[in-house]
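One structure is given below, encoded as structure tokens.
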Amino acid sequence: MTVPTNETLLVVDGHSLAFRAFFALPVDNFSTSSGQATNAVWGFATMLAQVIDAEKPDHLGVAFDVKGGTFRNEMLPQYKGTREAAPEELLTQLPLIQRMLTALGVTYIEKSGFEGDDVIATLATMGDKAGYHTLVLSGDRDAFQLVDDNVTVLYPGHHFKDLKHMTPQSIVDKYKVTPAQYPDLAALRGETADNIPGVPGVGDGFAAKWINQFGSLDGICEHADEIGGKKGESLRANIDQVKLNRKVNALVRDVDLGVDIEDLTFGTVDVAQIDALFKELEFGPRTRSRVLKTFNTGAKVSNTSGAGESTNNEQDKQDSNLDLNLPEPTSITAPEQFDEWVKAHRAEVKVPGEIADFTVSDYGDGSQRHTVCGDAVGHAWTVAAWGDERPGRATAQAVAVATATSAAIVPLPITDTLRAQFARFLKSEHSRTIVHGYKELLHLLGAVDLDMDLPMFDTKLAGYLTQPDFHADSLKQAAEHFLDIHFTETEQPSQGTLDFDDDQVEEDPNEHRLRDLAIIRSLAVTLGPIIDEREQCWLMRAIELPVSRVLHGMEHTGAKVDSVRLVSMRDQFAAEARQAQEMAWEYAGTEINLQSPKQLQKVLFEDMGLKPTKRTKSGSYTTNAAALQDLYVKSVDNERANGFLGALLRHREINKLKQIVQTLIDATNTSDERIHTTFEQTVAATGRLSSVDPNLQNIPNRNAAGREIRGVFVPGEGYEALMSCDYSQVELRIMADLSGDEALIEAFRSGADFHKYVASMVYKLPVDQITGDQRSHVKAMSYGLAYGLSTYGLAQQLKIAPREAEALKNRYFDTFGKVHDYLESLVANAREKGYTETIFGRRRYFPALHSTNRVAREAAERAALNAPIQGSAADIMKIAMIRAEQTLAEAHVKSRIILQIHDELVVEIAPGEGDQVTELVRNAMEHAVDLAVPLDVSCGIGSDWQLAAH
DNA sequence: GCAGCCACGTA
DNA sequence: CGTACGTGGCTGCC
């Protein structure tokens with residue numbers, strides 16, 4: 001009677017979800033003015049919407065328990081005693097949830113004499129038989145017995161959002177028994193949540209051991225006498241209870257529900273009913289639109305991003321299955337197998353010599369960037385690895401090499417012989433491989449002592465180069481975005497496919513590995529031609545890939561910190577912050593939370609009656625440092641307010657430092673007392689790097705107290721100093737070069753105090769007559785240029801009248817006319833071409849330049865003005881890093897780069913290498929590119945990062 | 001439980 | 001009403 005289908009059925013355990021919502025959300029914050037609790041209703045709606053958005057089911061049914069007992073209570077009187085004791089505040093919400101479901105057009109089912117679990121089991125069984133892929137959303141582990149190849153249980157983790165997809169494999173991995181055996185295991189262990197005692201002293205582990213030994217619970221009962229020890233005794237004493245448990249936890253799969261799966265549609269909301277209900281519950285417009293967005297299009301329309309045209313879900317899914325050709329797996333365990341596999345598939349790999357042999361020795365001025373990737377990307381090896389790729393603690397679970405048709409998957413750990421073969425393969429074939437995330441791959445390979453020289457193509461980098469504004473944080477997301485394919489099979493939570501936790505429950509691991517390999521190849525085939533067409537292959541192969549390698553080294557090495565000093569700084573800051581807090585409290589007269597802008601607003605603008613400051617985006621009054629400082633100055637004759645503001649400002653500053661130090665403490669590896677940050681290479685839209693976990697690119701540097709923190713970064717064992725080199729005014733130098741402005745070029749070539757020199761040109765005065773104010777005003781103007789600074793902004797920053805700022809700007813552009821023209825041409829070109837370009841061809845697209853919304857358009861104009869300048873500076877620094885590392889390697893020194901802060905490199909200096917390494921790095925930075933102006937690099941060396949300042 | 005705001009650190 | 005980032009704390013959600 002049924003046709004095979006690719007459709008998905010979602011069955012929801014209504015009680016389980018309501019419980020979850022009720023206990024997750026504070027009831028105090030969710031109740032109507034008349035006192036009706038609404039937290040479970042609201043939570044139910046949002047959580048269900050979340051799951052629907054993620055899973056996009058075609059059919060949906062919700063099951064509820066019915067009041068009054070079931071056959072189970074007759075067998076086990078205390079059954080679900082704990083559940084019946086649900087708080088009144090939750091019970092009153094169940095009818096509301098059901099009303100909501102009706103209004104949302106969602107079918108819910110309850111059947112007297114049965115539990116929701118039985119309804120779920122029945123629906124899942126019906127769905128299974130009819131060929132649906134069935135998802136069961138339930139926090140009740142009894143549902144695990146339903147799992148099979150077509151039934152997956154979505155089981156909430158600690159955070160609701162990370163739903164575990166329980167497949168047969170993940171049940172086996174976690175419990176060491178099959179889904180069918182799970183009820184046996186649960187009977188032995190018991191279920192405290194349902195008030196069901198098991199065998200005392202027996203948990204999942206022993207239960208699984210016995211089940212595997214004797215096959216089933218029946219087997220265990222037969223052989224109960226053979227089980228020795230305390231646990232055997234305990235089992236025999238409770239065997240009747242266990243048998244009873246087993247009867248009770250078996251779900252009924254053939255309840256007569258009187259519905260067909262096909263009837264369980266959704267997607268049409270009775271909006272009037274929802275509005276009435278939400279009004280009653282006092283839910284706001286945000287909730288309304290959130291819910292309508294999901295439920296009012298529901299099963300019929302794919303709500304993935306795209307051209308905005310709705311597509312049929314089913315069609316999407318079928319297409320995707322055709323698009324992705326999975327390679328055939330070969331599992332490699334013995335060394336010979338690997339070599340044999342390589343031999344058997346070598347003929348499939350066709351990469352022309354001129355592509356494979358690509359190297360770059362001179363970066364020049366960016367005029368010769370015409371390497372092609374060709375269609376070779378489709379005929380290369382794919383290399384991938386899976387595991388925890390966090391620097392400093394990487395562990396790998398498997399590595400693989402694949403062609404289009406076949407995949408050799410090597411589970412880890414491996415024998416030395418196999419490793420040697422793999423290493424030999426990588427050494428000879430690296431330039432004929434494609435990868436996704438070379439840097440992350442290096443961390444994983446490094447975890448098993450493998451290394452790999454540059455691949456020919458990286459799909460992660462390629463995706464970034466083609467669309468730097470889009471950021472996929474998993475391979476799956478990249479596939480959805482670039483390939484427009486969506487997955488019918490279940491996924492593990494959206495962790496990122498190449499990055500899952502050790503303890504996470506997994507589907508059959510090779511299944512997603514094959515899929516990953518197929519995605520990488522598919523991405524390469526899609527992105528390769530785009531990269532070629534834009535002439536960005538050189539950018540990837542000469543800059544991004546080599547810089548990935550440098551970054552891997554920096555992340556792996558990490559930065560040594562003085563933990564003792566960190567802790568004492570933390571304590572010092574904590575004490576000072578506490579003092580400032582107490583002083584603030586005394587002035588305020590109440591012990592408010594100084595970290596709460598809301599409470600501060602009340603004290604400042606209501607209690608103290610201070611003149612309101614600028615408004616924030618959301619309309620409240622800002623309490624930021626600039627505003628507080630302003631109030632502080634203006635409140636000299638109001639002792640209370642003045643005292644409070646002073647203490648508050650002090651608390652802000654110290655507390656921030658304390659927090660930064662604490663973050664560093666938390667991020668320090670205990671094993672090596674080093675901090676291993678991750679440099680994100682595909683996040684910043686301009687081409688810059690960013691640093692996360694922790695961010696080491698925003699360690700304080702502007703005032704003395706903050707700068708102290710830099711002092712905790714020290715050379716590690718075997719090293720004697722830190723060296724820091726930074727570019728002076730790179731962005732301005734780039735503007736001088738690209739604009740061809742003779743005056744600005746001359747200013748840089750003169751080698752004088754740059755800002756003073758520029759000021760003398762602007763004000764037409766001799767250099768020695770330039771005042772401090774004139775210099776700083778011109779300096780601010782210079783720096784503001786690259787950001788698209790307005791006269792208003794300039795006036796505000798310099799605390800001068802807008803008219804004066806206007807005059808300054810005019811004078812400045814009179815002097816540097818070509819800079820003005822250049823900046824205008826940047827925006828004009830971007831408007832015409834749709835994108836900006838750096839010296840080395842890195843693009844960024846700006847669709848908003850044509851926006852009719854003035855605010856959006858002008859923001860895009862400023863960003864378009866800035867992108868090529870900031871981006872070219874980023875390109876130059878990347879080249880400098882590659883050159884610096886290369887020159888250090890060639891000199892056979894031990895010193896190594898450990899940090900990059902946009903225009904600064906920090907190098908850990910080995911004994912006796914200070915002078916030599918300083919010159920090597922300086923040279924690498926100064927000659928990264930040839931510009932019309934010199935690149936000025938200043939270096940310093942010291943026993944910590946602070947002292948390395950110059 | 002989570003998204004969004006606010007504030008603030010860097011270049 | 002200056003670009004580019006990341007992080008931590010508080011808050012609303014109702």
Side-chain angles (χ1 to χ4, degrees), chain A residues 20-21 23-33 36-39 41-43 45-47 50 156 158-162 278 281-284 286-287 290 593-601 614 616-620 622-628 652-653 655-657 659-660 662-663 667 677-678 680 683-703 706 709 726-727 730-731 780 783-797 802 844 854-855 858-859 861-867 869-871 873-874 877 900-904:
Chain A
R20 185 84 197 184
F23 290 108
L25 301 166
V27 70
D28 294 349
N29 297 353
F30 291 84
S31 39
T32 64
S33 38
Q36 168 66 51
T38 57
N39 61 337
V41 188
W42 190 86
T46 50
M47 286 171 173
Q50 260 178 43
H158 188 255
H159 301 279
F160 180 81
K161 231 193 160 182
D162 39 58
F278 281 12
L281 299 176
E282 298 172 12
F283 286 9
R286 267 160 68 182
T287 304
R290 169 78 186 84
N593 183 347
L594 298 182
Q595 302 196 93
S596 161
K598 193 171 174 276
Q599 293 178 38
L600 284 178
Q601 282 157 27
K614 233 172 57 176
T616 65
K617 205 174 0 172
S618 68
S620 55
T622 182
T623 65
N624 66 25
L628 294 183
R652 274 270 176 84
E653 187 182 344
N655 202 51
K656 178 77 182 182
L657 297 176
Q659 181 239 93
I660 291 170
Q662 184 63 53
T663 307
T677 184
T678 298
E680 293 286 355
V683 166
T686 52
R688 272 193 177 180
L689 303 175
S690 75
S691 159
V692 295
D693 260 345
N695 182 355
L696 293 186
Q697 291 180 322
N698 70 345
I699 305 302
N701 197 23
R702 288 183 184 163
N703 59 54
I709 298 178
D726 64 51
Y727 282 119
V730 236
E731 299 193 353
Y783 277 115
L785 284 181
Y787 301 145
L789 183 65
S790 67
T791 51
Y792 176 89
L794 184 65
Q796 192 139 69
Q797 193 193 312
R844 185 174 171 193
R854 205 191 84 225
V855 179
E858 289 178 350
E861 286 170 355
R862 290 190 298 271
L865 178 118
N866 174 259
I869 301 169
Q870 190 184 116
M877 179 51 112
Q900 186 253 44
I901 306 96
H902 308 305
D903 64 2
E904 173 186 8

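Just so it is clear: chains get the letters A, B, ... in the order the sequence lines come, proteins before strands, and each one is counted from 1.
- The interatomic distance linking A:K614 (NZ) with C:dC1 (C1') rounds to 8 Å, in whole Å.
- At a threshold of 4.0 angstrom between heavy atoms, the contacts of A:V683 are confined to the sugar-phosphate backbone, with no base atom among them.
- In terms of polar N and O atoms assigned as donor or acceptor, the side chain of A:N695 never comes within less than 3.5 Å of the base of C:dG6 in a complementary pairing.
- OP1 or OP2 of C:dG2 lies within a sub-4.0 Å distance of a side-chain N or O belonging to A:S790.
- Among the heavy atoms of the strands lying under 4.0 Å from A:T38 are primed sugar atoms or P, OP1, OP2 only; no base atom is included.
- Closest of all the heavy-atom pairs between A:E282 and A:S31 is OE1-O, 4.5 Å.
- At a threshold of 4.0 angstrom between heavy atoms, the contacts of A:A685 are confined to the sugar-phosphate backbone, with no base atom among them.
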**Request:** Step by step, work out the side-chain contact (heavy atoms from CB on, under 4.5 Å) result for A:E653 and A:N703.
**Result:** CA-CA 11 Å; A:E653 187 182 344; A:N703 59 54; 3.9 Å; yes
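- Using a 4.0 Å heavy-atom criterion, one finds that A:R290 contacts no nucleic acid atom at all.
- Relative to the side chain of A:N593, the nucleotides B:dA11, C:dC10, C:dC13 differ in distance, and C:dC10 lies closest.
- Among the protein residues, A:R688 comes within range of the nucleic acid bases, having at least one heavy atom under 4.0 Å from a base atom.
- Nucleotides C:dC1 and B:dC5, compared at atom P, are 15 Å apart to the nearest Å.
- If you take NE2 on A:H902 and CG on A:D726, they are separated by 12.5 Å, rounding to the nearest 0.5 Å.
- In this structure, A:K598 reaches the sugar-phosphate backbone alone: every heavy-atom distance under 4.0 Å involves primed, P, OP1 or OP2 atoms, never a base.
- Among the heavy atoms of the strands lying under 4.0 Å from A:L281 are primed sugar atoms or P, OP1, OP2 only; no base atom is included.
- At a threshold of 4.0 angstrom between heavy atoms, the contacts of A:Q595 are confined to the sugar-phosphate backbone, with no base atom among them.
- Residue contacts shown for A:A625 are limited to sugar-phosphate atoms, with no base heavy atom under 4.0 Å away.
- Nucleotide C:dC10 holds its C1' atom 13 Å from the CG atom of A:N655, rounded to whole Å.
- Residue-level contact check: A:G43 touches neither bases nor backbone, having no heavy atom under 4.0 Å from any strand.
- Within the nucleic acid shown, A:T791 has no heavy atom closer than 4.0 Å to any nucleic acid atom.
- An OP1 or OP2 oxygen of C:dG8 is reached within less than 4.0 angstrom by a side-chain nitrogen or oxygen of A:T663.
- Within the 4.0 angstrom heavy-atom criterion, only backbone atoms of the sugar-phosphate kind lie near A:D693; the bases stay farther away.
- Residue A:Q599 is in sugar-phosphate contact alone, with no base atom involved, counting any heavy-atom pair closer than 4.0 Å across all strands shown.
- Here the P atom of nucleotide C:dT3 and the CG atom of A:N866 are 8 Å apart, to the nearest Å.
- Between A:R854 and C:dC1 there is no side-chain N or O to OP1 or OP2 distance below 4.0 Å.
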**Item:** Residue pair A:L628, A:R652: steps toward the side-chain contact (heavy atoms from CB on, under 4.5 Å) verdict
**Value:** CA-CA 11 Å; A:L628 294 183; A:R652 274 270 176 84; 3.4 Å; yes
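- The distance between atom CG of A:L689 and atom P of C:dC5, rounded to the nearest whole Å, is 12 Å.
- The main-chain N or O of A:P694 is found under 3.5 Å from a side-chain atom of A:S691 such that the two form a donor-acceptor pair.
- Among residues two or more places apart in sequence or in another chain, the salt bridge (Lys or Arg N to Asp or Glu O under 4.0 Å) test is passed with A:E904 by A:R710.
- Under the side chain to side chain donor-acceptor pair (under 3.5 Å) criterion, A:T38 pairs with no residue at all, not counting sequence neighbours.
- Side chain A:R652 to base B:dA7: no donor-acceptor pair is found below 3.5 Å.
- Residue contacts for A:I699: at a heavy-atom cut-off of 4.0 Å it reaches the sugar-phosphate backbone alone, with no base atom in range.
- For the atom pair CG (A:N695) and CD (A:E680), the distance works out to 10.5 Å, reported to the nearest 0.5 Å.
- Here A:L785 contributes atom CG and A:N866 contributes atom CG; the two are 11.5 Å apart, rounded to the nearest 0.5 Å.
- Note: OH (A:Y787) to P (B:dT10) measures 13 Å, nearest angstrom.
- Listed by chain and number, the residues in a side chain to side chain donor-acceptor pair (under 3.5 Å) with A:T32 are A:S34 (sequence neighbours excluded).
- Going from atom CG of A:N701 over to atom P of C:dG6 covers 20 Å, rounded to whole Å.
- Applying the ring pair (Phe, Tyr, Trp, His ring centres under 6.0 Å) test to A:Y792 and every residue at least two apart in sequence or in another chain returns nothing.
- Computed from coordinates, the A:N698 CG to B:dT10 P distance equals 8 Å when rounded to whole Å.
- Comparing B:dT10, C:dT11, C:dC5 by their closest approach to the side chain of A:P700 singles out B:dT10.
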**Request:** Starting at the 5' end of DNA chain B, write a dot or bracket for each base, bracketing those in Watson-Crick or G-U wobble pairs whose two distances are under 3.5 Å and using | for partners on another strand.
**Result:** |||||||||||
**Item:** Nucleic acid footprint by protein, nucleotides 1-6 of chain B - heavy-atom cut-off 4.0 Å, B for base, S for sugar-phosphate alone
**Value:** BSS-SS
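- In this entry the distance linking NZ of A:K656 with C1' of B:dT10 reads 10 Å, nearest Å.
- Taking each heavy atom of A:Q697 and A:I901 in turn, the nearest pair found is O-CG2, 3.8 Å.
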